[in-house]
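I have placed the structure first, in the form of structure tokens, so that the comments after it can refer back to it.
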Amino acid sequence: MSSLHLFRKVALAEGISYIVLLFIAMPLKYWANMPLAVKYVGWAHGLLFVAYIACLVMAWQEKKWGFGKVVLLFIASLLPFVPFWLEHKLKAEDTAA
């Protein structure tokens, strides 16, 4: 399995965890008084974010991407729904290799 393939999978999981955190766990915390939702989902999202960064560095080294592309890929992880678009774009790059 290439580092790009692993990065794509982690990006997808990180994107899902971010959406769950923002749109399910946070409303449960503030509207349903269930703070444990944010605790556990936030913890999982934090681990996935660290894995995202680690996989990004591995793919950067393997694919020899420019610094600007890596910065954009990092910023993409901070915006909701963008990791899904990113995974789709990187899939084309992964299959071309």
Side-chain angles (χ1 to χ4, degrees):
M1 177 185 303
S2 73
S3 61
L4 181 57
H5 184 77
L6 179 62
F7 176 62
R8 285 182 34 235
K9 299 304 176 197
V10 171
L12 192 59
E14 192 270 341
I16 291 169
S17 73
Y18 193 29
I19 297 300
V20 170
L21 179 64
L22 289 177
F23 297 107
I24 297 174
M26 293 294 284
L28 284 174
K29 178 180 179 178
Y30 291 109
W31 295 337
N33 197 26
M34 296 176 64
L36 287 179
V38 169
K39 179 180 179 179
Y40 294 118
V41 175
W43 198 82
H45 172 68
L47 286 176
L48 286 167
F49 181 75
V50 171
Y52 179 94
I53 299 304
C55 290
L56 175 59
V57 170
M58 289 175 10
W60 180 14
Q61 291 174 345
E62 181 181 306
K63 296 296 182 180
K64 300 188 183 355
W65 291 329
F67 185 72
K69 181 173 183 171
V70 174
V71 168
L72 286 175
L73 293 173
F74 173 77
I75 291 170
S77 71
L78 304 175
L79 304 170
F81 301 105
V82 175
F84 303 112
W85 172 79
L86 170 70
E87 195 278 335
H88 177 72
K89 295 289 281 184
L90 291 176
K91 185 176 185 177
E93 185 175 330
D94 196 16
T95 55

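Worth knowing before you read on, the calculation uses all heavy atoms, side chains too, and leaves out hydrogens, waters and symmetry mates. As the structure is a computational prediction, the values presented were derived from the model and not from experiment.
Using a 4.5 Å cut-off on side-chain heavy atoms (C-beta onward), Glu14 and His45 make contact. In this structure, Gln61 and Val57 have side chains that are in contact, with non-hydrogen atoms separated by less than 4.5 Å. Two residues are said to be in side-chain contact when any heavy atoms from C-beta on lie closer than 4.5 Å; Tyr18 and Val82 fail this criterion. Under the 4.5 Å side-chain criterion, counting only non-hydrogen atoms from C-beta, Ile19 is in contact with Phe84.
For the atom pair Leu6 CG and Leu56 CG, the distance stands at 11.5 Å (nearest 0.5 Å). Note that CZ of Phe67 and CG of Leu72 are 10.5 Å apart. Values are rounded to the nearest 0.5 Å. Between the NZ atom in Lys63 and the CE atom in Met58 there is a gap of 12.5 Å [rounded to 0.5 Å]. Taking CZ of Arg8 as the reference point, atom NE2 of His88 lies at 10.5 Å (rounded to 0.5 Å).
Here Lys69 pairs with Glu93 under the side-chain hydrogen bond (donor to acceptor under 3.5 Å, both in side chains) rule; sequence neighbours left out. Remark: Ala25 pairs with Leu21, Ala37, Val38, Val41 by the side chain to side chain contact (heavy atoms under 4.5 Å, CB included) rule, at least two apart or across chains. For Lys9, the salt bridge (charged side-chain N to carboxylate O under 4.0 Å, His left out) test picks out no residue, with sequence neighbours left out.
Follow the hydrophobic side-chain contacts under 4.5 Å out from Met26 and you reach Met34 in the same cluster. Put simply, Tyr52 and Val20 are part of two different groups of oily side chains (I, L, V, M, F, W, Y) that touch within less than 4.5 Å, one to the next. There is a path of hydrophobic side-chain contacts, each under 4.5 Å, that joins Leu79 to Val70. Tracing side-chain contacts under 4.5 Å through hydrophobic residues (I, L, V, M, F, W, Y), one reaches Leu4 starting from Trp85; they form part of the same cluster. Cluster annotation: Ile75 and Leu12 are assigned to distinct hydrophobic clusters (Ile/Leu/Val/Met/Phe/Trp/Tyr, side-chain heavy-atom contacts under 4.5 Å, transitive).
Of all heavy-atom pairs spanning Pro83 and Ser77, the tightest one is CG-CA, 4.4 Å. Minimum heavy-atom separation, Ala13 to Leu48: O-CD1, 3.7 Å. Nearest approach of Phe7 to Ala59, heavy atoms of both residues: CB-CB, 4.3 Å.
With hydrogens and angles disregarded, no donor-acceptor distance shorter than 3.5 Å links the side chain of Trp65 to the backbone of Trp60.
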